[in-house]
Amino acid sequence: MFKSNGEYFSSTRIAFIAMFSTLAGVLYAFNFAIPTVFPSWLELQFSDIPALIGTFSLGPVSGVIITVVKILIKLLIKSTSTVFVGELADLLIGCAFVVPAGLIYKYHRSFKGALVGMLVGTAASITLSMLFNWLVLVPFYVQLFFGGSWNPILGIMSGIFPSCTRDNFYVLYIFCSVLPFNAIRCAAAVAVSAPLYKRISVLIRKVNLKLAPKNSQAEGETATVRMAKSDVIAISLAAAAVALLVLFALLRYFVF
């Protein structure tokens with residue numbers, strides 16, 4: 001896991017957070033459905049891959065930031081079709097995936113620790129997705145898009161599960177759609193991240209060491225002050241960028 005020689009949010013860390021966030025945001029915007037296997041509103045995307053690699057390389061806090069910013073980037077590209085409820089679900093489910101993985105790896109920095117972290121994160125993400133669909137998303141969509149009528153959503157589900165009724169809807173949807181869908185999503189992220197995260201962490205560490213000022217011990221305090229000032233500027237610019245992303249995402253939905 002990357003460790004900065006200066007403050008936590010060093011210029012190098014912020015630059016890599018921005019890189020991972022941008023890649024994750026683009027991948028998040030370009031999602032696709034598998035209508036013959038899952039309901040059309042369950043869209044597969046691979047934004048968890050850069051978020052997970054970024055978490056292992058930079059830490060769980062950075063992983064949360066990457067997850068937040070990727071959603072803001074997607075909102076700028078495509079806006080929202082769910083009044084932000086779908087994006088909120090993806091934020092919580094994404095954080096449930098990367099945070100446990102990052103925390104476990106932080107204290108057990110080995111391939112075994114990473115693997116255990118990814119498995120725990122997968123379990124947490126799948127569990128939260130099942131609960132959120134059951135308690136929030138489905139009731140919300142039925143009320144907002146179908147005026148409280150279950151017929152349209154049952155019609156969509158019957159194309160996959162002909163025996164689907166109002167009585168067995170949640171059993172079929174949660175356990176036969178949401179669970180395997182999110183298992184595939186997490187498995188894809190694990191399969192790609194597992195062989196890559198260590199190499200990228202080493203690369204980030206090398207870049208950080210190369211950019212770190214090489215001063216003598218006598219000049220250490222001056223270098224620390226200089227680094228702190230540059231970090232404050234970098235953090236301020238990053239915070240301003242996130243604020244602008246939020247503003248433009250809201251304007252895109254409410255105005256354009």
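Keep in mind it's a predicted model, so treat the numbers as computed, not measured.
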Q: Return the CG to CG distance between Leu42 and Asn31, rounded to the nearest 0.5 Å.
A: 11.0 Å

Q: Could you tell me the separation between the OG atom of Ser201 and the CG atom of Leu58, rounded to the nearest 0.5 Å?
A: 7.5 Å

Q: Do Phe38 and Ile184 touch side chain to side chain, with heavy atoms closer than 4.5 Å?
A: yes

Q: Is it the case that one hydrophobic cluster holds both Val68 and Leu23, taking links as side-chain heavy atoms less than 4.5 Å apart, direct or via other members?
A: no

Q: Could you give the distance from CG (Leu131) to OG1 (Thr127), rounded to the nearest 0.5 Å?
A: 7.0 Å

Q: Give me the ring orientation class for Phe46 and Phe32: parallel if the planes are under 30° apart, tilted from 30 to 60°, perpendicular past 60°.
A: tilted

Q: If you compare all heavy atoms of Val120 against all heavy atoms of Pro100, which two are closest, and at what distance to 0.1 Å?
A: CG1-CB, 4.0 Å

Q: Can you list the steps and then say if Leu154 with Phe146 is a side chain to side chain contact (heavy atoms under 4.5 Å, CB included)?
A: CA-CA 11 Å; Leu154 290 176; Phe146 306 131; over 6 Å; no

Q: So, do Ile17 and Ile66 sit near enough that their side-chain heavy atoms are less than 4.5 Å apart?
A: yes

Q: Report the residue from Pro39, Cys176, Ser40 that forms a side chain to side chain contact (heavy atoms under 4.5 Å, CB included) with Ile160.
A: Pro39

Q: Would you indicate whether Phe175, at its atom CZ, is surrounded by more than 12 heavy atoms from other residues, nucleotides or ligands within a distance under 6.0 Å?
A: no

Q: If I compare all heavy atoms of Ala114 with all of Phe56, which pair ends up nearest, and what's the gap?
A: O-CZ, 3.8 Å

Q: Taking everything shown except Tyr170 itself, do over 12 heavy atoms lie less than 6.0 Å from its OH?
A: yes

Q: If the plane angle is over 60° it's perpendicular, under 30° parallel, otherwise tilted; pick one for Tyr173 and Trp41.
A: tilted

Q: Compare all side-chain heavy atoms of Thr82 with those of Glu87 and state whether any distance is below 4.5 angstrom.
A: yes

Q: What do you reckon, is CH2 of Trp134 surrounded by more than 12 foreign heavy atoms closer than 6.0 Å?
A: no

Q: Could you tell me if the side chain of Glu43 sits less than 4.5 Å from the side chain of Tyr28, heavy atoms only?
A: no

Q: Closest heavy-atom contact between Val98 and Thr67?
A: CG2-OG1, 3.9 Å

Q: Nearest heavy-atom pair of Cys164 and Met157: which atoms, and what distance?
A: SG-CB, 3.7 Å

Q: The test is salt bridge (charged side-chain N to carboxylate O under 4.0 Å, His left out); show your working for Lys70 and Asp48 and say whether it passes.
A: CA-CA 10 Å; Lys70 80 171 185 182; Asp48 289 316; 3.6 Å; yes

Q: Does the separation of the ring centres of Tyr197 and Tyr105 fall below 6.0 angstrom?
A: yes

Q: Check whether any side-chain heavy atom of Tyr141 lies under 4.5 Å from a side-chain heavy atom of Ile153, and answer yes or no.
A: no

Q: Counting C-beta onward and ignoring hydrogens, is there a side-chain heavy-atom pair between Phe20 and Ile200 closer than 4.5 Å?
A: yes

Q: So which heavy atom on Arg13 is nearest to which on Ser62, and how close?
A: NH1-OG, 3.6 Å

Q: For the backbone of Phe84 and the side chain of Thr80, can you confirm whether one donor and one acceptor N or O come within less than 3.5 Å of each other?
A: yes

Q: Does Phe111 share a hydrophobic cluster with Val116, counting links as ILVMFWY side-chain heavy atoms below 4.5 Å and allowing steps through other members?
A: no

Q: Enter the distance from Ser21:OG to Ile14:CD1 here, rounded to the nearest 0.5 Å.
A: 11.0 Å

Q: Contact between Leu27 and Gln45 at the side-chain level, heavy atoms closer than 4.5 Å - yes or no?
A: no

Q: Of the non-hydrogen atoms in Thr55 and Gly63, which two are nearest, and what is the gap between them?
A: OG1-CA, 3.1 Å

Q: Can you tell me how far apart SG (Cys95) and CG (Leu128) are? Round to the nearest 0.5 Å.
A: 9.5 Å

Q: Would you say the side-chain atoms of Arg185 and Ser125 include a donor-acceptor pair closer than 3.5 Å?
A: yes

Q: Is there side-chain contact between Ser57 and Phe16, with heavy atoms separated by less than 4.5 Å?
A: no

Q: How long is the straight-line distance from CD1 of Ile93 back to OG of Ser129, given to the nearest 0.5 Å?
A: 5.0 Å

Q: Just by modelled atom types, is the Ala29 backbone N or O under 3.5 Å from a matching donor or acceptor in the Lys78 side chain?
A: yes

Q: When you measure from the side chain of Ser110 to the backbone N and O of Gly113, does any donor-acceptor pair fall under 3.5 Å?
A: yes

Q: Tell me if a side-chain donor or acceptor on Asn168 pairs with a main-chain N or O of Thr165 at a distance below 3.5 Å.
A: yes

Q: Would you say Ile53 ends up clustered with Val26 if hydrophobic residues are merged whenever their side chains have heavy atoms under 4.5 Å apart, either directly or through other cluster members?
A: no

Q: Would a hydrophobic clustering, with Ile, Leu, Val, Met, Phe, Trp and Tyr connected at side-chain separations under 4.5 Å, put Ile174 with Trp150?
A: yes

